[in-house]
Amino acid sequence: MSVSVKAILDAKGRNVVTAAGNTTLAEAAKILNEKRIGAIVVVGMAGKISGIFTERDVVNAVAKHGQDSLNQPIASLMTAKVHRCKEDTTTDELMELMTHRRFRHVPVEDKGKLTGIISIGDVVKWRIREIELETEQIKAYIAG
């Protein structure tokens, strides 16, 4: 039994840390550190998703450009091709997407509007919860 993204968002909340594309790498790194998160959704006009900036993007930028990257806008460093999911996406579908594409964060979109973000940690947590529930149901069935 696979749970939907909506159920995860309903439980964990729908808050998403966003930034404009002109935010510098140094500012973005500070946000990632202070919020203890691994990704910032980069938004453009009217709050539309224009990219995602992750810890991996920080490493890539520093490796390629050194300390000069600290003053570069994240729009030039972010992952522009963002894979999104919908609230009716299941955890099984998300695990497949995240594993195949090697993503750890997937924004959730509904009718072009950002409604949340799901991390691999969220998916694993829910999968463990599902397994524990199944185990308890099996134990209750056996105990009669």
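In this structure, the separation between CD1 on Ile128 and OG1 on Thr135 is 11.5 Å, given to the nearest 0.5 Å. Atom CD of Glu109 is separated from atom NE2 of His83 by 13.0 Å, given to the nearest 0.5 angstrom.
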Working for salt bridge (Lys or Arg N to Asp or Glu O under 4.0 Å), residues Glu132 and Arg129
CA-CA 5 Å; Glu132 288 173 344; Arg129 177 185 263 175; over 6 Å; no
With side chain to side chain contact (heavy atoms under 4.5 Å, CB included) as the test, would you mind laying out the steps for Val42 and Thr18 before giving the verdict?
CA-CA 6 Å; Val42 183; Thr18 62; over 6 Å; no
Assess the residue pair Leu70 and Thr24 against the criterion (side chain to side chain contact (heavy atoms under 4.5 Å, CB included)); give the C-alpha distance rounded to whole Å, side-chain angles, the decisive distance to 0.1 Å, and a yes or no.
CA-CA 6 Å; Leu70 294 174; Thr24 66; over 6 Å; no
Decide yes or no on side chain to side chain contact (heavy atoms under 4.5 Å, CB included) for Val106 and Leu94, but give the supporting numbers first.
CA-CA 8 Å; Val106 177; Leu94 264 180; 4.2 Å; yes
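Within the 4.5 Å cutoff, the side chain of Val41 has no heavy atoms near those of the Val17 side chain. Annotation: side chain of Leu97 is not in contact with side chain of Glu93 (no heavy-atom distance under 4.5 Å). Here the side chains of Arg104 and Met98 are not in contact, with every heavy-atom distance at 4.5 Å or above. Annotation: side chain of Ile120 is not in contact with side chain of His105 (no heavy-atom distance under 4.5 Å). Side-chain contact between Ser4 and Thr90: absent, with no pair of heavy atoms (C-beta onward) separated by less than 4.5 Å. At least one side-chain heavy atom of Phe53 sits less than 4.5 Å from a side-chain heavy atom of Leu25. Side-chain contact between Lys12 and Asp122 is present, with heavy atoms from C-beta onward closer than 4.5 Å.
Under the 4.5 Å side-chain heavy-atom criterion for ILVMFWY residues, no single connected hydrophobic cluster contains both Leu77 and Ile49. Under a hydrophobic-cluster definition in which Ile, Leu, Val, Met, Phe, Trp and Tyr are linked whenever side-chain heavy atoms come within less than 4.5 Å, directly or via other members, Val58 and Met78 are assigned to the same cluster. No continuous path of ILVMFWY side-chain contacts below 4.5 Å connects Ile40 to Leu114, so the two sit in separate hydrophobic clusters.
Counting only distance, with no hydrogens or angles, the side chain of Thr23 and the backbone of Ala20 share a donor-acceptor pair below 3.5 Å. Side-chain N or O atoms of Asp57 include one that pairs as donor or acceptor with a backbone N or O of Thr54 at under 3.5 Å. Using modelled atom types, no side-chain atom of Thr79 and backbone atom of Lys81 make a donor-acceptor pair closer than 3.5 Å. The closest donor-acceptor contact from the side chain of Arg102 to the backbone of His100 lies at 3.5 Å or more, if one exists at all. Side-chain atoms of Thr89 never come within 3.5 Å of backbone atoms of Cys85 as a donor-acceptor pair (strictly under, hydrogens ignored).
Glu87 is linked by a side chain to side chain contact (heavy atoms under 4.5 Å, CB included) to Lys6, Leu9, Arg14, Val108, Thr115, counting only residues two or more places apart in sequence or in another chain.
Here the closest heavy-atom approach between residue Ala7 and residue Trp126 is recorded as O-CZ2, 3.9 Å. Between Pro73 and Gly21, the shortest heavy-atom distance links the atoms CB-O, 3.4 Å.
Residue-environment remark: CD (Glu96) stays at or below the threshold of 12 foreign heavy atoms within 6.0 Å.
Between Glu27 and Lys30, no side-chain nitrogen of the basic residue sits less than 4.0 Å from a carboxylate oxygen of the acidic one, so the salt-bridge criterion is not met.
Put simply, the residue from Val43, Val16, Ile118, Ile52 that forms a side chain to side chain contact (heavy atoms under 4.5 Å, CB included) with Pro107 is Ile52.
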